[in-house]
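Computed from a prediction, not measured in an experiment: that's the story for all the values here.
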Amino acid sequence: MSAPTDRPAAANFVSDLVVADNAQGTFGGRVQTRFPPEPNGYLHIGHAKAITVDFELAREFGGQCKLRFDDTNPDTEDTTYADAIVDDVAWLGYTVDEPVYTSDYFEQLFRWAEMFIEQGLAYVDEQDGETISAQRGGYGNPGVESPHRDRPSEESLDLFRRMRDGEFADGSKVLRAKIDMQHENMQLRDPVMYRIRSGHHHRTGEAWKVYPTYDWAHGQSDAIEGVTHSLCTLEFDSHRPLYDWYLDQLARMGELPFEQPRQTEFARLELTHTVTSKRKLLQLVEQGLVDGWDDPRMPTLRGLRKRGYPAESIREFCSFIGVSRTNSRNEIELLESFVRTRLNRVAQRRMAVLRPLEVVIDNWPVDDSGAPVVEQVELVNNPENADDGTRTAPFSGRFWIEQDDFMAEPPPKYYRLTPGREVRLRGAFFVTCVGFDSDDDGNVERVHVTYDPETRGGNAPDGRKVKSTMHWVSADHAVDISVALYERLFSAEVPGEATGDVFDDLDANSRELLTECKAEPSLADVAPGDVVQFERLGYFAHDADQPRLFHRTVGLRDEWANIQKRKG
RNA sequence: UGGGGUGUGGUGUAAUUGGCAACACGACAGUUUCUGGUUCUGUUAUUAGGGGUUCGAUUCCCUUCACCCCAGCCA
């Protein structure tokens, strides 16, 4: 297990608990956790929090954390998911020696179940699911005991073994714990321990016909592995008494190889403008509302990776937001701020123009053959990191700027190019707008400027100042690229809050693909998967597979956009 | 309807367990700057409501309210 987070984990109620346990010698000073995903879907940002909490807690106290697949339901699970999960956990920065599987313990779990039956703690129920559910009662009204509840244990044992041998149809029988049908906690009203499933299991194949339920499998798996602190999300709070009950019985029978593990719940991560429900994410993919699990708009780890989010910033975010029992929803802006902070430090700068507007320098010199002179100007790769050095870019008499960077009739506080105004072209020259051409509809087609040869490199010898510095790309040397811009997949902070249906808040235009973008030649050197900053625009990730396609990871903070927004 | 959990700025998390409510994000106003980025500075809260104990309450007690979870042979 690695230890990748830069800063130490912040203290929280869970680490406080461990400190208290260690002080009392509860687990002999041992700390062991596990991250227990079910291999039936891809990991998302919510899992990233759980992973961080599980792994970092173990790291903080010198213990270990295992990746355990909670694979107790053959109907929904698949090795494709399991492989992807291993890959995603590794990408996040946590290395796992060898994942473990709940299915590794099926034999032990079965033997313990037999012991429960022998001791009158479990019985085979032959009623159908609907009946069992109806008999469970409701909030405030007690349940009804099954007619099979007090059958002889020999009979249950025989039935249970024949269930395993595949003698009975799916759903025809279950093994139930015999606890208390009147219990105020519904989880304790004779919960199901085993059900019959004839499907193919991703690891055990056809070997088993009965499968343990989550509740029967989870705590026991923890116990087998020597987990001390079994961390899970809040909705399992009402399961804790059951978790303890199973383990108490085994402890009484002297079956536990380690100290009895304890479950502790914490709030899951919710983010504004996104959904993390597995079902909703599956719907997005299956209905073709996104391009797949790795669509850069998805909150999946694969999506965020493709989008260009550094794993470190996801980890830092997860550590920073803390661990508590309060249901909460973090603003996506906070995550983005961690992404920006990191990328600002590590991403090299490049110049690219997304919506090109042609600019011609009317007084640019030509050489002896009558061709425009080409100058090579030097540009800093990253002002935040001198080690990244410099690069050169060609500059000649014709270049591209953003359409946004020129206005024939500028509003107040507009600093960019406008008739009569002088601006700096980053690293190159000062230019002054002397006019522009428009088409018949009045659209600006081309801007004319003159340049000051004395300002080469971007400084005026007379010290005169300029209101704005703009990026540019030499028209004769530009590399053509495509850029995918992303807005939030869900426009509402809390998707579905207004209508009850999250898909009502889906933004159908959340991706805009620009195919006629112009970039400086050195962009060709950006490796697949690398993230660079397009100056003044934002951070962009080079697609890992498709050359010259860039995904906008996150935009720069944009004061001008804020000013415009305020003005309406 | 029974049980369980949780309430601290716009958001999330803290507060040496009774002693000046802190940090980050966002927003706003400035500063710096060859990125309207970055940097730096300032502003942004009587701790869900009400009552009580106390010199003193986010913290202890009582009470009211709000939100979340539980009636899968999902996890």
Going 5' to 3' through nucleotides 24-30 of chain B, assign each nucleotide B (protein heavy atom under 4.0 Å from a base atom), S (under 4.0 Å only from sugar-phosphate atoms) or - (no protein heavy atom that close). SBSSSS-
Contacts of type side-chain contact (heavy atoms from CB on, under 4.5 Å), residue A:Pro147, not counting sequence neighbours: A:Gln127, A:Gln135
Can you check the distance between B:rA45 and B:rA24, where both ends of the measurement are the C1' atom (answer in whole Å)? 16 Å
Partners passing side-chain hydrogen bond (donor to acceptor under 3.5 Å, both in side chains) against A:Asp452 (at least two apart in sequence or in another chain): A:Arg464
Using a cut-off of less than 4.0 Å, is there contact between a side-chain N or O of A:Ser133 and OP1 or OP2 of B:rG72? yes
With sequence neighbours excluded, give me every salt bridge (Lys or Arg N to Asp or Glu O under 4.0 Å) pair touching residues 134-145 of chain A. A:Glu145-A:Arg149
Given that A:Ser172 and A:Arg426 both sit by RNA chain B, which one's nearest nucleotide is further toward the 5' end? A:Arg426
Table of protein N/O atoms under 3.5 Å from nucleotides 1-3 of chain B N/O atoms:
{"residue": "B:rU1", "atom": "O2", "partner": "A:Tyr139", "partner atom": "O", "Å": "2.7"}

Using a strict heavy-atom distance below 4.0 Å, which residues from residues 262-279 of chain A are in contact with RNA chain B? none
Paired and unpaired positions of RNA chain B as dot-bracket, Watson-Crick or G-U wobble under 3.5 Å, | denoting a partner strand: .((((((..((((.....[..))))(((((.........)))))...(((((..]....))))))))))).....
For the side chain of A:Glu493 and the base of B:rG10, is some donor closer than 3.5 Å to an acceptor across the two? no
side-chain hydrogen bond (donor to acceptor under 3.5 Å, both in side chains) with A:Glu225: which residues, sequence neighbours excluded? A:Arg68, A:Tyr105
Using the C1' atom in both, what is the distance from B:rG26 to B:rC20, to the nearest Å? 26 Å
Do any side-chain nitrogens or oxygens of A:Arg325 fall under 4.0 Å of OP1 or OP2 in B:rU6? yes
Just to confirm, is there a sub-4.0 Å distance from OP1 or OP2 of B:rA75 to any side-chain nitrogen or oxygen of A:Arg195? yes
Please state whether the rings of A:Tyr211 and A:Phe106 are parallel, tilted or perpendicular, taking 30° and 60° as the class boundaries. perpendicular
For A:His273, give me all partners under side-chain hydrogen bond (donor to acceptor under 3.5 Å, both in side chains), at least two apart in sequence or on another chain. none
Only counting residues at least two apart or in another chain, list the ones meeting side-chain contact (heavy atoms from CB on, under 4.5 Å) with A:Glu497. A:Val494
Checking A:Ser491 now: which residues fulfil side-chain contact (heavy atoms from CB on, under 4.5 Å) with it, not counting sequence neighbours? A:Asp505
Mind checking side-chain contact (heavy atoms from CB on, under 4.5 Å) for A:Arg536 and listing every partner two or more places apart, or none if nothing turns up? A:Asp405, A:Arg416, A:Met470, A:His471
Start at the 5' end of RNA chain B and walk down; is the nucleotide closest to A:Thr76 or to A:Trp560 reached first? A:Trp560
Suppose you measure atom P in B:rA48 against the same atom in B:rU8; what distance do you get, rounded to whole Å? 6 Å
Does any N or O donor sit under 3.5 Å from an N or O acceptor when you compare the side chain of A:Arg416 with the base of B:rG36? yes
